[in-house]
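One structure is given here, and the rest of the page talks about it.
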Amino acid sequence: MPLSFIIFMVSSKYISFLIIITLSLYKFTSCKDEMYVGENYIAFIKDTITLNKYLSENIDPQLFKYYKDNKTSKEYFVYYNLLSNSLNFIEIPDSSFSESVNLDAIKQKFTDFAIFSFDSIAFTHSTKTITILAYNKMIIYEVKGKIPYYNENYVLNSIPTLFPITVYKNNLLVYNFPTETLDSDFKLKEYFNSPRDSKLEIKDDTLKITGLYGKYPHYYQKNHNYVYSPVRSIAKDSLLIYSFDDSRKIYIYNTCNNDYQEKELATPGFQENFEFDKKQSSNFNYIAKYHIENDRFLNLIYSPFQKKYIRILSRRIKFENNDGTINSSIHDKPISLFIYDENFNLQRRIEFPPGLYNFNAFYPYREFIYILTLDKNNKMFHAFNFN
Amino acid sequence: MRSISIKTLFFVGLLSLLSCSNEEDRLKRQTKIFENYLITEFNTKPGDREEYYFIIPSMACAGCEQAVIRYIQRAQKEDNIFLIISGNQAKTLQDFDLQHNVFIDTENKIDRLNLDALNTTLLIWDKKKIRSIKYINPQNIDSLSPKLN
């Protein structure tokens, strides 16, 4: 082969390589409003609504709730104090008023709570019952009445950050969950065939199911990619949005007219997850490695104050390090925040390095987003303004 | 047809040899990691005899954890059965009377070691190296753990 031809081949490959790199870099950085948050550039404001004043070892920072009293239009942050066994309502933004609701009447351990009003609060316990604390009296409700696809063997539960018990149009939204391990194809099929979310109505002293939402896309019947729980978000016009760890897509339900639509959101840099080997479903090492070495979506949050959606993505990294250690925690992964307008057009992408923030304690309020720091000795919320 | 079978056998044999040596290499690496961990965190070394290390990391299923602690409680008289528990989980020991052979990893370093110990685990040490590492749950704890008197 003539030398000039070899040089031509090599140089043309080199040029193609350069073109590919340039194109992929362009694709990766084509979102104009990128921002990098790092130790050297942290654009936050400390303690703008005195949220940090209430942080202590007796408070779970992942269990803060925003509550607006519709009668007075006053706004509160509500948190649970383990030491006093009470829910504390702090008026925001200036802490000018606070009130405590004692929970001694509730005998069962609770996993989450939702507020109808100061005098009426609902609790989940990971059992088949919901407790309502009304005027200091405790009422326990069990779901009555059958409905197709509702699994009566499952319990009512919630995880505050991903699918909280929520007051929705004067009803409650609660997840329906199994307590046993899904260790057979039959159990898995049953699980992915039943919608996760139940709308519960309290009427004439009984708890009735009036709707089921959050059905898994058909794809998960065959290949669940270790996705068990959808994330539920409540968007503008009371739309319900469900999203999954491994997919760009979101699923939007309009409960007024039973309309349903899918949307694929722009998420530059997201890489499709590799297939989960079902044979490894009880191998915890494999599961951890799978989560760490894939891009996985966390929460999708609607900020009614900013009229924006924020989706959190944990980026893939290597599981094993050369020094005999592993990256086993979600906090080891870099995080990307994708900010969308109300029509799901991508507006900004913000990159966070690993180990700085706990994205399970993430609250939008007015023009800010409050995120908890991971620094054990200096745990506090930082307020970010990404506008 | 015959040559295909021989080829197949050859490749299956080669693959199993490779996976054996991979497994051996992995256990060799993990032996080093585990020895270093015991020395730096607890100023102790695994012995020359057969020893059983139950591990409870920060993320462990509640039922599995209880099963391991109950087993360790019954094994208090044994001098070759140990519990390593992450500091995050140490409060679960409050309800049990465990006097011996318990190592509390206050800095939760066990969570970050490449030891295949991301849930309750039994690590068996034998002849100066790790013989096996297996996940433990309430169903398999009796069959995988040493019988107690």
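Chain naming here is simple, since letters A, B, ... match the order of the sequence lines and numbering starts at 1 in each. Owing to the predicted nature of the structure, the values given are computational and were not obtained by experimental measurement.
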Query raised in the report: How would you list, by chain and number, every residue that makes a salt bridge (Lys or Arg N to Asp or Glu O under 4.0 Å) with A:E272, sequence neighbours excluded?
Result: A:R248

Report task. Side chain from CB out, backbone as N, CA, C, O: work out which of these in A:Y286 comes under 4.5 Å of a heavy atom of chain B, or both, or neither. Result -> neither

Query raised in the report: So does B:M59 have more than 12 non-hydrogen atoms from other groups sitting under 6.0 Å from CE?
Result: no

Requested in this report: Could you note down all residue pairs passing salt bridge (Lys or Arg N to Asp or Glu O under 4.0 Å) where residues 98-107 of chain B supplies at least one of them, sequence neighbours left out?
Outcome: B:E107-B:K109

Query raised in the report: Between A:N327 and chain B, which part of the residue has a heavy atom less than 4.5 Å away: side chain, backbone, both or neither?
Result: both

Query raised in the report: Residues of residues 62-79 of chain B under 4.5 Å from chain A (heavy atom pairs)?
Result: none

Query raised in the report: To the nearest 0.5 Å, what is the distance between CG (A:D323) and CG (B:N114)?
Result: 9.5 Å

Query raised in the report: Atom CG of B:L118 and atom CD1 of A:I287: how far apart are they, to the nearest 0.5 Å?
Result: 9.5 Å

Query raised in the report: What do you reckon, is CG of B:D48 surrounded by more than 12 foreign heavy atoms closer than 6.0 Å?
Result: no

Query raised in the report: How long is the span from the CG atom in A:N283 to the CG atom in B:D116, to the nearest 0.5 Å?
Result: 7.0 Å

Query raised in the report: In terms of heavy-atom contacts, does NZ of A:K278 have more than 12 from other residues, nucleotides or ligands at under 6.0 Å?
Result: yes

Report summary line: Listed by number, the residues in residues 122-135 of chain B that come under 4.5 Å of chain A (heavy atom to heavy atom) are B:Y135

